[in-house]
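Right, one structure below, let's go through it.
Reckoned from all heavy atoms, side chains included, excluding hydrogens, waters and symmetry mates. Here, residue 1 is the first one in the sequence, and each next residue gets the next number.
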Amino acid sequence: MFKVTAGDLKRSLFAAAVLSSIVIGAPALSAAAEPGNQITILYDAFGTDSAMTKDWGFSALVEVAGKRILFDTGDNAEILAANVKAKNVDLTKLDFVVLSHRHSDHMAGLSYVLSVNPTVKIYAPKEGFGIYGSSLPSSFYRKDNSLPPEMRYYGGKPPEIMTFGSAWPNARFELIDQTTEITPGITLIALISDAPGTKELKELSLAINTPDGLVLVVGCSHPGIERIVEAAASINPRIRMIAGGFHLVVAPDEAITKIVSSLKDRFKVESIAPGHCTGEPTFAALKQAFGDKYLYAGLGTSIPLGPNASSNVRRGEAPLLDDLATYRKLAARQDPFGVMRARNARLDARPGAKL
Ligand SMILES: [Zn+2]
Ligand SMILES: [Zn+2]
């Protein structure tokens, strides 16, 4: 007799659900790219959509693998609000927000985002004393027990962890201090700038690993677009697309030529959707180098991430790394955000350790 009771059915359904959740829960190497996946530019200083306001800054809605991610929030909350309305984008339904770095042209629209979605999770770089809030163990500062309590910090009894405020005290920040796969196939690449003017500035870039290669969204690329792409290539050497600001707005022609050829020939980036601080001469150089793989990304544009977006490009040109080897390489990397390196450099620079 094979009588199936409601209880049996429930149990077998439960077993199937457990099985499928195990499969889904296994470390996924890529996020599915589905039709309708796209990157919509909500904030930039060039574009053709007359219903939107052009302004210096960057914000993009990234829709991929069933996730809706707001990457950066532009320079002005009112302009972001108007542009979001013009594109009919619903910011109440977001999986998370990424703030690439602390510059106002990327984060000043956050107050609008929080006004419509106050509990959304926000990934931001972890900074020592920054606008996103932080903390430090009180052991960081030198003590002097010979002083009377009234001359000592916290009367000589500091809390174990000292916490520092945020410009948005009620926002749900999750601070990132090293490259992190925040959900299967979606990684925040954390790097630190070494360039004059932005030394020690931390920046997050968004890498989405799709079956057709990696989609990389960058804010300002202060750590250097080549360094960011190099880090992305260690996740998946096949870079399908890069969108965002490359920070070559004042770069001389030689530097532009070098970077364009590095993206094209060394990293074999398949298509490119530059915006924001990439720079006008760099737009021209990239357009010439990438031809029909240069994807216009002006304000209001939706760049499709459908499976056919890179169908004309031959596969297997980039060196393929064994996935396990890649993960081992990532796991073995010490101090990827350069925090310890920067701290040691500071300590070396002032042997007197005066604070
Ligand atoms: Zn910047
Ligand atoms: Zn910028």
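- Taking every heavy atom of both residues into account, R240 and G213 meet most closely at CB-C, 3.8 Å.
- Between T40 and S302, the side chains place a donor N or O and an acceptor N or O closer than 3.5 Å (distance only, hydrogens not considered).
- Scored by the side-chain hydrogen bond (donor to acceptor under 3.5 Å, both in side chains) test, T163 finds no partners at all (sequence neighbours excluded).
- Hydrophobic clustering, with ILVMFWY side chains joined whenever heavy atoms are under 4.5 angstrom apart, keeps L61 apart from L206.
- Here the shortest heavy-atom pairing between G66 and D95 reads O-OD2, 3.9 Å.
- For E160, the CD atom sits in a loose shell: 12 or fewer heavy atoms of surrounding residues, nucleotides or ligands are nearer than 6.0 Å.
- Two residues are said to be in side-chain contact when any heavy atoms from C-beta on lie closer than 4.5 Å; V229 and L263 meet this criterion.
- Between M107 and I131 the shortest side-chain heavy-atom distance falls below 4.5 Å.
- A salt bridge does not link D44 with K54: every distance from a Lys NZ or Arg NE/NH1/NH2 to an Asp or Glu carboxylate oxygen is 4.0 Å or more.
- Nearest approach of F46 to G298, heavy atoms of both residues: CE1-CA, 3.3 Å.
- From F58, atom CZ reaches atom OG1 of T278 across 8.5 Å, with rounding to the nearest 0.5 Å.
- Contact detail for S166 and F173: the closest heavy-atom pair is OG-CE1, 3.4 Å.
- Across all their heavy atoms, D49 and L299 have their closest contact at CB-O, 4.0 Å.
- Inspection of the H276 and D72 side chains reveals no N or O donor paired with an N or O acceptor under 3.5 Å.
- Under the 4.5 Å side-chain heavy-atom criterion for ILVMFWY residues, no single connected hydrophobic cluster contains both F96 and W168.
- Annotation: F164, atom CZ; neighbour count of heavy atoms from other residues, nucleotides and ligands within 6.0 Å is above 12.
- Residues V116 and V84 form no side-chain contact, since every pair of their non-hydrogen atoms from C-beta on lies 4.5 Å or further apart.
- Summarising the geometry of G245 relative to S221, their closest heavy-atom pair is O-OG, 2.7 Å, with the distance given to 0.1 Å.
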I225 vs I242, side-chain contact (heavy atoms from CB on, under 4.5 Å): CA-CA, chis, key distance, verdict: CA-CA 10 Å; I225 184 68; I242 309 176; 4.3 Å; yes
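- Going from atom CG of D105 over to atom OG of S59 covers 11.5 Å, rounded to the nearest 0.5 Å.
- Between atom SG of residue C220 and atom NE2 of residue H103 there is a gap of 7.0 Å, rounded to the nearest 0.5 Å.
- Taking 4.0 Å as the cut-off between side-chain N and carboxylate O, E63 and R68 count as a salt-bridged pair.
- Side-chain atoms of S138 do not come within 3.5 Å of backbone N or O of M162 as any donor-acceptor pair.
- The side chain to side chain contact (heavy atoms under 4.5 Å, CB included) search around E127 returns R102, P125, K202, not counting sequence neighbours.
- K93 pairs in a side chain to side chain contact (heavy atoms under 4.5 Å, CB included) with only one of the listed residues (V89, L91, D90), which is D90.
- Using a 4.5 Å heavy-atom cutoff, the side chains of Y296 and T301 are in contact.
- Taking a 6.0 Å sphere around NZ of K143, one finds it holds more than 12 heavy atoms contributed by other residues, nucleotides or ligands.
- A distance of 9.5 Å separates CD1 in I259 from CZ in F246, rounded to the nearest 0.5 Å.
- With M241 as the partner, the side chain to side chain contact (heavy atoms under 4.5 Å, CB included) test is satisfied by one option alone out of T210, L214, V269, L295: L295.
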Check against side-chain contact (heavy atoms from CB on, under 4.5 Å), D194 and K199: CA-CA 5 Å; D194 201 27; K199 236 179 173 52; 3.2 Å; yes
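- With contacts defined as side-chain heavy-atom distances shorter than 4.5 Å, the pair V113/L110 qualifies.
- Contact annotation: the side chain of I186 approaches that of I69 to within less than 4.5 Å [non-hydrogen atoms, C-beta and beyond].
- Residues N76 and Y43 meet the side-chain proximity criterion, which asks for heavy atoms closer than 4.5 Å.
- Here the side chains of D75 and S104 are in contact, with some heavy-atom distance below 4.5 Å.
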